[in-house]
Chemist: 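Here you go, one structure.
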Amino acid sequence: MGMQIAPSILSADFANLESEIVKVDTADWLHVDVMDGHFVPNLTLGLPVVERIAEVSPMPIDAHLMIDDPDHWAPRYAEAGAASVTFHYEAAKDPRAIARDLRRLGARASVALKPGTPVDAILGDLAEFDMVLVMTVEPGFGGQAFMPDMMDKVRALRAASDAADQGLWIQTDGGIARDTIETVARAGGDVFVAGSAVYGAHDPAAEVVALRDLATAAARG
Ligand code: DX5
Ligand code: ZN
């Protein structure tokens, strides 16, 4: 796979979701931020909304669960139609068991690390995951500043995945835009969430293409 872009609908107009989704149909994934008001201090949407989004979206759904008790809830999002489900390591009782449940349901299994969570937490379990999400902001809100310090984690994951020939996807989320995406691509990231950068652009579909082109060129060196 090449460089992939996943626009976050957190920055879209929630009163017009279907038309907002179609605006980014040049994307590889549609990133859907599920927040429960407990794991993060913000509340967005849940299962019934994800189920309808999955029915109308031309792109597969990349669900990012910022919620407590993913051991129970993550598989429900795979059943609701998300092709990739990311849960937070910090909230999980048994990350390996969640990943196995997700794969059994036919979804890609992905684990997210908050900025304060070291990558060592999951380095021994990489074979269980299809993707790791390295948060480049504190989860909860769009429009925050990118944290370049997180690139050490991206590099460590890329090195570990390459050494084991695991083909792991490495996603970053938070502050990804034209001025930050090349830094991530050079560090080894290959799946990019972008909310405000895409939906704040006058042509969101073209912005997706521009971001993907920048990442592709940067990764080639
Ligand atoms: C934040 C969410 C992000 C958010 C990113 O917790 O996980 O997906 O939408 O927004 P930007 O791209 O504006 O930083
Ligand atoms: Zn997200």
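Remember, it's 1-based here, ligands and their atoms both numbered in the order they're listed.
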Chemist: Which atoms of ligand 1 sit under 4.0 Å from any heavy atom of V193?
Modeler: 8 (O)
Chemist: Do D33 and ligand 1 have an N or O pair less than 3.5 Å apart?
Modeler: yes
Chemist: Strictly under 4.0 Å, does any heavy atom of A197 approach an atom of ligand 1?
Modeler: no
Chemist: Under the 3.5 angstrom rule, does the side chain of R158 hit a backbone N or O of G188 as a donor-acceptor pair?
Modeler: yes
Chemist: Parallel, tilted or perpendicular: which one describes the rings of W169 and W29, with boundaries at 30° and 60°?
Modeler: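 The rings of W169 and W29 stand perpendicular, inter-plane angle above 60°.
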Chemist: How about D190 and Q171: does a side-chain donor come under 3.5 Å of a side-chain acceptor?
Modeler: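 No, because no side-chain N or O of D190 sits under 3.5 Å from a partner of the opposite role on Q171.
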Chemist: Find all atoms of ligand 1 within a distance of less than 4.0 Å from any non-hydrogen atom belonging to D173, and give their numbers and elements.
Modeler: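 Contacts of ligand 1 toward D173, numbered from 1: 2 (C), 3 (C), 4 (C), 5 (C), 7 (O), 8 (O).
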Chemist: For the Zn ion (ligand 2), which N, O or S atom of D33 is at the shortest distance?
Modeler: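 This residue's closest N, O or S atom turns out to be OD1.
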Chemist: Side chains of Q166 and S161 only: does a donor on one sit below 3.5 Å from an acceptor on the other?
Modeler: no
Chemist: State the atoms of ligand 1, each with its element, that fall below the 4.0 Å cut-off from a heavy-atom position in F141.
Modeler: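 Once the distances to F141 are compared, the set is 1 (C), 6 (O).
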Chemist: Using non-hydrogen atoms of the residue, decide whether V137 is closer than 4.0 angstrom to ligand 1.
Modeler: no
Chemist: Quiz question: by atom type and distance under 3.5 Å, do the side chains of D33 and H31 form a donor-acceptor pair?
Modeler: yes
Chemist: Salt bridge (Lys or Arg N to Asp or Glu O under 4.0 Å) between R52 and E18: does it pass, once the steps are laid out?
Modeler: CA-CA 9 Å; R52 277 297 290 143; E18 186 171 10; 5.3 Å; no
Chemist: Atoms of ligand 1 less than 4.0 Å from G174 heavy atoms?
Modeler: 14 (O)
Chemist: Report the distance from atom NE2 of H38 to atom CD1 of I67, rounding to the nearest 0.5 Å.
Modeler: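 Answer for the NE2-CD1 pair, H38 versus I67, is 11.0 Å.
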Chemist: If I apply the N/O under 3.5 Å rule, does G175 come out as touching ligand 1?
Modeler: yes
Chemist: If you have a sec, read the angle at the Zn ion (ligand 2) from H31 atom NE2 over to H64 atom ND1, to 10 degrees.
Modeler: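 The angle at the Zn ion (ligand 2) comes to 100°, rounded to the nearest 10°.
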Chemist: Between T136 and G174, is there a donor-acceptor pair closer than 3.5 Å when you use the side chain of the first and the backbone of the second?
Modeler: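 Flag set: sc T136 to bb G174 pair under 3.5 Å.
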Chemist: Which option, S8, A194, P7, G195, owns the non-hydrogen atom nearest atom 9 (O) of ligand 1?
Modeler: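 Selected option, by shortest heavy-atom distance: S8.
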Chemist: Main chain of D130, side chain of R108: is a donor-acceptor contact present, judged purely on distance under 3.5 Å?
Modeler: yes
Chemist: Backbone N or O of G195 within a donor-acceptor pair of the S8 side chain at under 3.5 Å?
Modeler: no
Chemist: With respect to G142, determine whether any N or O atom, backbone or side chain, lies less than 3.5 Å from an N or O atom of ligand 1.
Modeler: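 In this structure, G142 places no N or O atom under 3.5 Å from an N or O of ligand 1.
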Chemist: Pull out every atom of ligand 1 sitting under 4.0 Å from any heavy atom of G140, numbered as shown with elements.
Modeler: 1 (C), 6 (O)
Chemist: Please check if the side chain of R212 supplies one atom and the backbone of T26 the other of a donor-acceptor pair under 3.5 Å.
Modeler: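 Side chain of R212 to backbone of T26: a pair is present.
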Chemist: Distance under 4.0 Å to a non-hydrogen atom of H31: what atoms of ligand 1 satisfy this?
Modeler: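 Reading through ligand 1 atom by atom, the close ones are 8 (O).
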Chemist: Counting heavy atoms only, which of T136, V34, L10, I9 is nearest atom 4 (C) of ligand 1?
Modeler: L10
Chemist: Under 3.5 Å between some N or O of ligand 1 and some N or O of S196?
Modeler: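 Yes, since at least one N or O of S196 sits under 3.5 Å from an N or O of ligand 1.
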Chemist: Could you list which atoms of ligand 1 come closer than 4.0 Å to a heavy atom of H64?
Modeler: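 Those of ligand 1 that fall under 4.0 Å from H64 are 7 (O).
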Chemist: When you compare ligand 1 with G143, is there at least one nitrogen or oxygen pair between them that comes in under 3.5 angstrom?
Modeler: yes
Chemist: Output the list of atoms in ligand 1 that are nearer than 4.0 Å to some heavy atom of M66, sorted by atom number.
Modeler: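 Contacts of ligand 1 toward M66, numbered from 1: 6 (O), 7 (O).
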Chemist: Using only N, O or S atoms, tell me which atom of D173 is closest to the Zn ion (ligand 2).
Modeler: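 Nearest to the Zn ion (ligand 2) within D173's N, O and S set: OD2.
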Chemist: May I ask you to check whether over 12 heavy atoms, not counting those of F141, lie within 6.0 Å of atom CZ?
Modeler: yes
